[in-house]
Structure formats: structure tokens, C-alpha cells
Amino acid sequence: MIHDIPQRIFLDTNIYIIGVAHENSNERKILDLVGFQESSPIEIIVSEELFDQILRVSKRLYGKDWGSQIVSRIWQKLQLIYISFTSEE
């Protein structure tokens, strides 16, 4: 049985951090599926809060440059939908 793959998704910070850090992880498989290595039609929802979390967590684990590389790759490789919201929302 073939399952439909969503065409627009939001990925948790951990997907990016673990997926980049561990090549054989399920998180890496998810990143590969959505276009982190090769182009994909799946649209990824991102926000400033997500980028801040990626930078903050990765800085603690691997250094500030590592997190910046992840954010840069997200902007370059993925089909993005950027959402903006306030703390009240």
C-alpha cells in the first residue's frame, strides 16, 4: 500500500539537528525526502523562531558555525514557505 506524502510540512528543530549530525538516522531520511540533498516538490514551512532554535541548539552542541550552515542549506535547498507571527499569536 502506497501512502500519500504531504506536500507541505513543518519539521521540528530536532529533525534538522539530528538529521545533519547523524547520517544513518531516521531524521536524515526525512531531510533527504524533503529535498535537503536533492530537489523535492514538498514545501517546508519555516519561521524566524525555527531558525533561532536551530542556531541556539546547534551552538550549544557543535558551535555557531555549524548551525549557520544548517540554516544556509535550508534556504538554498528546500522549497520554503516562510511564516511570520508575533508572540501573542
Side-chain angles (χ1 to χ4, degrees):
M1 175 181 223
I2 298 176
H3 298 280
D4 290 330
I5 297 173
Q7 295 305 303
R8 185 176 293 167
I9 60 175
F10 177 84
L11 300 175
D12 182 72
T13 304
N14 292 325
I15 299 293
Y16 296 103
I17 301 292
I18 296 168
V20 171
H22 302 288
E23 288 183 25
N24 296 320
S25 65
N26 288 330
E27 290 82 355
R28 174 62 69 90
K29 292 176 187 172
I30 292 169
L31 289 178
D32 289 345
L33 180 67
V34 301
F36 212 66
Q37 299 296 330
E38 295 181 19
S39 124
S40 169
I42 298 172
E43 296 175 324
I44 305 301
I45 300 167
V46 296
S47 68
E48 190 64 33
E49 176 65 25
L50 173 71
F51 293 136
D52 289 346
Q53 287 179 18
I54 291 170
L55 293 171
R56 188 173 56 248
V57 172
S58 62
K59 181 179 179 181
R60 284 195 316 254
L61 298 174
Y62 301 104
K64 65 180 175 121
D65 293 338
W66 194 78
S68 297
Q69 291 173 2
I70 294 173
V71 171
S72 175
R73 190 166 185 102
I74 290 169
W75 279 110
Q76 292 173 4
K77 293 291 191 173
L78 301 180
Q79 302 292 326
L80 300 181
I81 295 178
Y82 185 88
I83 60 168
S84 179
F85 54 90
T86 65
S87 59
E88 293 81 29
E89 294 174 316

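Just so you know, these numbers come straight off a predicted model, no measurement behind them. All residue numbers refer to positions in the sequence shown, counting from 1.
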Show your reasoning for whether side-chain contact (heavy atoms from CB on, under 4.5 Å) applies to Ser25 and Lys29.
CA-CA 7 Å; Ser25 65; Lys29 292 176 187 172; over 6 Å; no
Is the backbone N or O of Ile54 less than 3.5 Å from a side-chain atom of Ser58, with the two atoms forming a donor-acceptor pair by type?
yes
Closest non-hydrogen contact found for Ile70 with Phe36 is O-CZ, 4.4 Å
Do Gln79 and Arg8 get their side chains close enough for a donor-acceptor pair, meaning under 3.5 Å?
no
Between Leu50 and Phe10, is any pair of side-chain heavy atoms under 4.5 Å apart?
yes
Check: Glu27/Tyr16 side-chain N/O donor and acceptor closer than 3.5 Å:
no
Gap separating the CD atom of Glu38 from the NZ atom of Lys77, nearest 0.5 angstrom:
8.5 Å
Does Glu48 form a side-chain contact (heavy atoms from CB on, under 4.5 Å) with Gln53? I'd like the steps, not just the answer.
CA-CA 9 Å; Glu48 190 64 33; Gln53 287 179 18; over 6 Å; no
Val20 backbone acceptor or donor facing Arg28 side chain under 3.5 Å:
yes
Rounding to 0.5 Å, atoms CZ (Phe51) and OG (Ser72) come to a distance of 10.0 Å
According to a 4.5 Å side-chain heavy-atom criterion applied to Ile, Leu, Val, Met, Phe, Trp and Tyr, with indirect links allowed, do Ile42 and Ile83 form part of one hydrophobic cluster?
yes
Please check if Leu55 and Ile18 belong to a single hydrophobic cluster, counting links between Ile, Leu, Val, Met, Phe, Trp and Tyr side chain heavy atoms closer than 4.5 Å.
no
If you look at every heavy atom in Ile15 and Leu31, which pair is closest and at what distance?
O-CD1, 3.7 Å
Separation between CG of Leu78 and CG of Leu80, rounded to the nearest 0.5 Å:
5.5 Å
Look at the side chain of Ser40 and the backbone N and O of Leu33, then say whether any donor-acceptor pair between them is shorter than 3.5 Å.
yes
Residues which pass side chain to side chain donor-acceptor pair (under 3.5 Å) with Asp32, listed by chain and number, not counting sequence neighbours:
none
Passing candidate, side chain to side chain contact (heavy atoms under 4.5 Å, CB included) with Ile74, options Leu11, Val46, Ile44
Val46
Testing the basics here: between Ala21 and Tyr62, what is the closest heavy-atom pair and its distance to 0.1 Å?
CB-OH, 3.6 Å
